[in-house]
Amino acid sequence: MTVIEKARELGELIQESEEMKAYKDAEAIQKSDEATQECMSKFNLNRLNLARDMQNGKISREDAVGANNKAYEELLKEAPLIKDYVEKKKKFDELVNQVNTIINFYITGSTGGGCSGNCGSCGGGCG
């Protein structure tokens with residue numbers, strides 16, 4: 001089997017993973033919910049207004065970031081489907097990052113994150 005064939009096989013395994021299925025399901029659910037999409041529209045409009053106000057010197061960058069973070073926390077409270085989506089996406093991203101770390105270790109001998117190669121110490125599972 002060639003490297004490319006193995007890469008395709010790995011891609012298929014990732015596509016079939018529970019993490020990806022959960023992420024895609026959560027994405028579809030939140031996108032199909034009108035109330036959730038209305039909350040997202042309001043959040044995005046607020047974000048655009050903050051960016052505009054920051055560019056026009058009406059608000060500092062720090063205040064804009066703080067206001068955006070507060071609005072994001074409110075969004076997650078108001079729209080539990082978005083919170084679920086974010087959590088599922090994070091788990092999927094963690095899986096992909098772990099796969100990339102393992103591949104990087106075998107290519108370079110280093111994970112770039114201070115991994116000693118002793119997977120028992122970090123639980124990375126690269127061995």
Side-chain angles (χ1 to χ4, degrees):
M1 201 171 245
T2 69
V3 172
I4 299 300
E5 290 169 331
K6 282 290 189 183
R8 285 187 184 116
E9 182 180 356
L10 177 59
E12 289 171 0
L13 288 171
I14 291 170
Q15 189 176 38
E16 295 168 4
S17 71
E18 290 304 314
E19 292 86 350
M20 181 154 185
K21 288 177 187 174
Y23 157 56
K24 288 297 187 181
D25 288 347
E27 179 180 46
I29 290 168
Q30 65 93 16
K31 282 185 174 182
S32 68
D33 185 78
E34 279 187 45
T36 298
Q37 289 307 302
E38 187 175 322
C39 287
M40 272 303 295
S41 292
K42 288 178 186 176
F43 172 76
N44 287 331
L45 179 60
N46 181 60
R47 193 175 197 174
L48 287 172
N49 288 334
L50 284 170
R52 184 197 64 226
D53 288 348
M54 188 178 68
Q55 287 177 338
N56 292 334
K58 294 180 180 178
I59 187 171
S60 71
R61 183 183 192 306
E62 293 77 23
D63 288 344
V65 169
N68 186 67
N69 289 345
K70 184 177 178 184
Y72 180 72
E73 291 301 320
E74 288 300 315
L75 172 68
L76 295 182
K77 287 179 189 173
E78 291 176 25
L81 294 177
I82 292 175
K83 183 177 182 180
D84 184 55
Y85 164 75
V86 168
E87 289 171 357
K88 301 284 174 49
K89 183 174 185 328
K90 181 179 176 185
K91 287 184 182 189
F92 174 71
D93 289 345
E94 288 170 356
L95 172 67
V96 172
N97 287 336
Q98 188 176 18
V99 168
N100 286 334
T101 298
I102 293 166
I103 291 170
N104 187 55
F105 175 76
Y106 281 97
I107 292 171
T108 67
S110 169
T111 61
C115 180
S116 65
N118 177 0
C119 295
S121 66
C122 69
C126 55

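Both backbone and side-chain heavy atoms feed into the values below; hydrogens, waters and symmetry mates do not.
- Within 6.0 Å of atom CD in E5, more than 12 heavy atoms from other residues, nucleotides or ligands are found, so the atom counts as buried in its surroundings.
- The distance from the CD atom of E18 to the NZ atom of K91 is 12.0 Å, given to the nearest 0.5 Å.
- When the side chain to side chain contact (heavy atoms under 4.5 Å, CB included) test is applied to S41, no partner is found at least two apart in sequence or on another chain.
- With salt bridges taken as basic N to acidic carboxylate O contacts below 4.0 Å, none links K21 and D25.
- Using a cutoff of 4.0 Å between basic side-chain nitrogens and carboxylate oxygens, K42 and E38 are scored as salt-bridged.
- In plain terms, the two heavy atoms of A79 and T36 that are nearest each other are CB-CG2, 4.3 Å.
- The minimum heavy-atom distance between D63 and S60, with the atom names listed, is N-OG, 3.0 Å.
- Nearest heavy atoms, M54 versus R61: SD-CA, 3.5 Å.
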Requested in this report: Verify side-chain hydrogen bond (donor to acceptor under 3.5 Å, both in side chains) between N44 and R47, making sure each step is shown before the conclusion.
Outcome: CA-CA 5 Å; N44 287 331; R47 193 175 197 174; 4.9 Å; no

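- Ion pairing between a basic and an acidic side chain is recognised when a charged N comes within 4.0 Å of a carboxylate O; K90 and E87 show no such pairing.
- Although no hydrogens or angles enter the test, the distance criterion places a donor-acceptor pair under 3.5 Å between the side chain of N104 and the main chain of S110.
- Contact annotation: the side chain of V86 approaches that of Y72 to within less than 4.5 Å [non-hydrogen atoms, C-beta and beyond].
- Between I14 and F92 the shortest side-chain heavy-atom distance falls below 4.5 Å.
- The pair K77-E74 meets the salt-bridge criterion, with a side-chain N (NZ, NE, NH1 or NH2) lying under 4.0 Å from an Asp/Glu carboxylate O.
- Side-chain atoms of I103 and L10, non-hydrogen and from C-beta on, do get closer than 4.5 Å to each other.
- With contacts defined as side-chain heavy-atom distances shorter than 4.5 Å, the pair K88/E19 does not qualify.
- Under 4.0 Å is where a charged nitrogen must lie from a carboxylate oxygen, and between K70 and E73 no such pair does.
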